Amino acid sequence: MKPEKNPIKIIWLTKKTLLPASVWAIWGIAIFLLTVLTFAVPDNIVKVNFSILDTKKFLTISIPALVFVLSMYSFGREIYSEKDLAFFYSNKLMIYYGYLSDYLFSAANWCMVIAFCVFKLIFIINLPHWQLEMARIVFLSQFLLAVITTLSIVVKNMNRISNKVAINAIKREGEE
């Protein structure tokens, strides 16, 4: 069997396991509320402060976050040996791809945030006010998704460690 090397296809194959449905729902509700607060609620009641969107600050956050995701991949490789991953690949392919897609999806999200920042620094585009506000909402939602996926990796790695420790403890009890 030939391994899939296209990261987008790996993410697509495991899209249902990337994040729990409740997290997707909360993310969608946050985007909806941000959109409603921006376009439907009068500014004298609630005004969304988009002045916090300083591109250099987000770029400064995003690059170390991407490095963190890659370091978490290395940490994940310490949890599972090459033998473990080979077993997953041979017997439980979707678990193997799920393991990879956790890191690929988070890294892709941070790369998109970085691309948005670089794009904003390089190009000056004159947009109508409502389109500019919508672009800001898209950017904030992308940033929020990147943060959520990074936290998801931390939680999943903690669970992987706990599972590996439990398996090894059961094996040792069986040997005694």
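Here the structure is a predicted model, which means the values were calculated and not measured.
Contact detail for I79 and K164: the closest heavy-atom pair is O-CE, 3.5 Å. Here the closest heavy-atom approach between residue G98 and residue T14 is recorded as N-CG2, 3.6 Å. Of all heavy-atom pairs between V113 and A146, the closest is CG2-CB, 4.3 Å. Of all non-hydrogen atoms in P64 and L59, the two that sit nearest each other are CD-O, 4.4 Å. The minimum heavy-atom distance between V69 and T150, with the atom names listed, is CG2-OG1, 3.8 Å. Listed here is the closest heavy atom pair of R77 and E82: NH1-N, 4.0 Å.
Under the 4.5 Å side-chain heavy-atom criterion for grouping Ile, Leu, Val, Met, Phe, Trp and Tyr, F123 is connected to F58 within one hydrophobic cluster. Residues F143 and F32 are members of one and the same hydrophobic cluster, defined by side-chain heavy-atom contacts under 4.5 angstrom among Ile, Leu, Val, Met, Phe, Trp and Tyr. Hydrophobic clustering (side-chain heavy atoms under 4.5 Å, transitive across Ile, Leu, Val, Met, Phe, Trp, Tyr) keeps V165 apart from I170. With hydrophobic clusters built from ILVMFWY side chains whose heavy atoms lie under 4.5 angstrom apart, M158 shares a cluster with L18. Clustering ILVMFWY residues whenever any of their side-chain heavy atoms sit less than 4.5 angstrom apart, transitively, puts I8 in a cluster other than the one holding L66.
If you check the side chains of N157 and Y103, you find a donor sitting under 3.5 Å from an acceptor. With 3.5 Å as the limit, one finds no donor-acceptor pair spanning the side chains of W110 and T149. When only modelled atom types and interatomic distance are considered, R160 and N163 share no side-chain donor-acceptor pair under 3.5 Å.
In this structure, CG in L34 is found 9.5 Å from CD in E133, a value given to the nearest 0.5 Å. The CG atom of L93 sits 8.0 Å away from atom CG of L13, with the distance rounded to the nearest 0.5 Å. In this structure, CG in L121 is found 5.0 Å from OG1 in T55, a value given to the nearest 0.5 Å. Of the inter-residue distances, the one linking Y97 atom OH with D102 atom CG reads 15.0 Å to the nearest 0.5 angstrom. Rounding to the nearest 0.5 Å gives a distance of 10.5 Å between CD1 of I26 and CG of L19. Distance check: D54 CG to I61 CD1 gives 9.5 Å after rounding to the nearest 0.5 Å.
In this structure the side chain of F75 reaches within 4.5 angstrom of the side chain of I161, judged on heavy atoms. The side-chain heavy atoms of V138 and F116, taken from C-beta on, include a pair separated by under 4.5 Å. Counting heavy atoms from C-beta outward, L144 and F139 have side chains that stay 4.5 Å or more apart. Taking 4.5 Å as the limit, some side-chain heavy atom of F119 sits within range of a side-chain heavy atom of I125. In this structure the side chain of Y89 never reaches within 4.5 angstrom of the side chain of L85, judged on heavy atoms. Using a 4.5 Å heavy-atom cutoff, the side chains of V48 and F39 are not in contact.
Evaluated for a side-chain contact (heavy atoms from CB on, under 4.5 Å) with S62, the options V67, I114, N109, V118 yield exactly one hit, I114. Each of Y99, Y96, Y80 was checked for a ring-ring contact (aromatic ring centres under 6.0 Å, His included) with F88, and the lone residue meeting it is Y80.
In terms of modelled atom types and a separation under 3.5 Å, the side chain of S152 and the main chain of I148 share no donor-acceptor contact.
Under the 6.0 Å distance and 45° angle rule, K9 does not count as a cation-pi partner of W12.
The neighbour count for N126 CG, taken as heavy atoms of other residues, nucleotides or ligands under 6.0 Å away, does not exceed 12. Counting non-hydrogen atoms of other residues, nucleotides and ligands closer than 6.0 Å to NZ of K15 gives a total above 12.
Under the 30°/60° scheme for interplanar angles, the aromatic rings of W27 and W24 are found to stand perpendicular.
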